[in-house]
Amino acid sequence: MSPRVTFAVAARVLSQLRRDHRTVAMLIVMPALLVTLMWWMFHDSPTTFDRVGGPLLAVFPSIIMFIVTSVATLRERSSGTLSRLFTMPMAKLDFLLGYAVAFAVIAVVQALVVVSIALYALDLDIQGAAWQLGVVAVLDGVLGTALGLFASAFAATEFQAVQMMPAVMIPQLLLCGLLLPRDQLPDVLHAVSTVLPLSYAVDAVVGVARGNSPVGDILVVLAFIVAALGLGAATLKRRTA
């Protein structure tokens with residue numbers, strides 16, 4: 001693995017995204033629009049929005065990053081670009097880390113936009129610091145990227161990559177504590193939720209909202225990111241059948 005190659009891949013991905021205005025708009029604007037829609041739905045019940053608004057800052061960026069990353073990676077494979085890249089002195093982890101770095105840059109911009117709108121335009125009430133919420137939102141976006149890179153290894157086409165979303169993200173959405181606090185879930189479902197990364201992403205946001213330290217949950221999210229990238233590198237095929 002070479003940092004120079006990793007950053008070269010990241011620069012290439014960012015250059016591609018710079019020319020793809022619709023994808024950039026989806027990555028940066030869509031989470032803010034979805035949070036605004038939820039605020040509008042609960043406009044007459046601000047306490048409800050304060051309860052769900054924080055977790056939404058974890059859920060929406062993760063899901064959108066998952067979809068875009070998994071499809072983009074499959075596009076590299078199906079077009080033969082990935083095979084050509086691997087004829088160069090580049091490790092599989094260089095490729096995945098390059099994508100992760102590129103989308104981490106996008107996640108920073110995404111977090112700045114959605115957190116700023118949630119706090120200052122939609123008046124989301126949190127007890128913790130705004131910068132903590134921003135850091136957690138960035139990590140949640142990177143988590144979605146890492147899961148998307150890992151899931152793309154099990155798909156053969158872009159359509160199959162999209163199909164991975166219900167299998168990977170929807171169960172996490174249901175069990176992460178957004179709809180029902182995890183401690184109120186049935187015992188079996190609570191046990192399942194403890195091994196799902198989005199649960200800790202939501203817990204980190206909730207911790208910031210309540211003024212608690214999110215460090216423990218952040219470390220767990222980081223561990224899931226590293227594990228997903230490692231597994232993705234182990235399962236990524238150098239050639240497309």
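Atom set for the values below is all heavy atoms of this structure, side chains included, hydrogens, waters and symmetry mates excluded. In this chain, residues are counted from 1 in sequence order.
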Can you find a pair of side-chain heavy atoms, one from [X] and one from [Y], that are under 4.5 Å apart?
X    : Y    : answer
T194 : S199 : no
M169 : M164 : no
C176 : V59  : yes
V114 : F60  : no
Q132 : P214 : yes
V205 : D140 : yes
V221 : P197 : no

Mind checking the [atom1]-[atom2] spacing from [X] to [Y]? Nearest 0.5 Å is all I need.
X    : Y    : atom1 : atom2 : result
L139 : S62  : CG    : OG    : 10.0 Å
L96  : L229 : CG    : CG    : 6.5 Å
M165 : L173 : CE    : CG    : 8.0 Å
L174 : L189 : CG    : CG    : 9.5 Å
N212 : D217 : CG    : CG    : 10.0 Å
D123 : F49  : CG    : CZ    : 9.0 Å

Could you tell me which non-hydrogen atom of [X] sits nearest to which non-hydrogen atom of [Y], and how far apart they are?
X    : Y    : value
S70  : S152 : O-CB, 3.7 Å
R210 : Q127 : C-CB, 3.6 Å
G53  : L124 : CA-CD1, 4.0 Å
T145 : A100 : CG2-CA, 4.1 Å
L112 : S116 : O-OG, 2.6 Å
G134 : A111 : O-CB, 3.8 Å

Evaluate the ring planes of Y99 and F103, with Trp represented by its six-membered ring, and classify them as parallel (under 30°), tilted (30 to 60°) or perpendicular (over 60°).
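Ring orientation of Y99 relative to F103: parallel.
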Do T6 and D94 have side-chain atoms, one donor and one acceptor, less than 3.5 Å apart?
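Result is yes, a qualifying pair exists.
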Between S15 and R19, is there a side-chain donor-acceptor contact under 3.5 Å, judged purely by atom types and distance?
yes
Just list the side-chain donor-acceptor pairs under 3.5 Å for residues 22-44, sequence neighbours left out, or say none.
| residue | atom | partner | partner atom | Å |
| --- | --- | --- | --- | --- |
| T23 | OG1 | D20 | OD1 | 3.2 |
| T23 | OG1 | D20 | OD2 | 2.6 |
| T36 | OG1 | A32 | O | 2.7 |

In terms of hydrophobic clusters joined by side-chain contacts under 4.5 Å, are [X] and [Y] together?
X    : Y    : value
V101 : L93  : no
F7   : I106 : no
Y120 : L133 : yes

Among V138, I225, L222, the one residue meeting side-chain contact (heavy atoms from CB on, under 4.5 Å) with L143:
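Result: among V138, I225, L222, I225 is the only option passing the side-chain contact (heavy atoms from CB on, under 4.5 Å) with L143.
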Check: residues 177-185 side-chain donor-acceptor pairs under 3.5 Å, at least two apart:
| residue | atom | partner | partner atom | Å |
| --- | --- | --- | --- | --- |
| R182 | NH1 | S193 | OG | 3.0 |
| R182 | NH2 | D203 | OD2 | 2.7 |

Is the backbone N or O of L198 less than 3.5 Å from a side-chain atom of Q172, with the two atoms forming a donor-acceptor pair by type?
yes
Using a 3.5 Å distance criterion without hydrogens, assess whether the side chain of T69 forms a donor-acceptor pair with backbone atoms of F66.
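No: the side chain of T69 does not pair with the backbone of F66.
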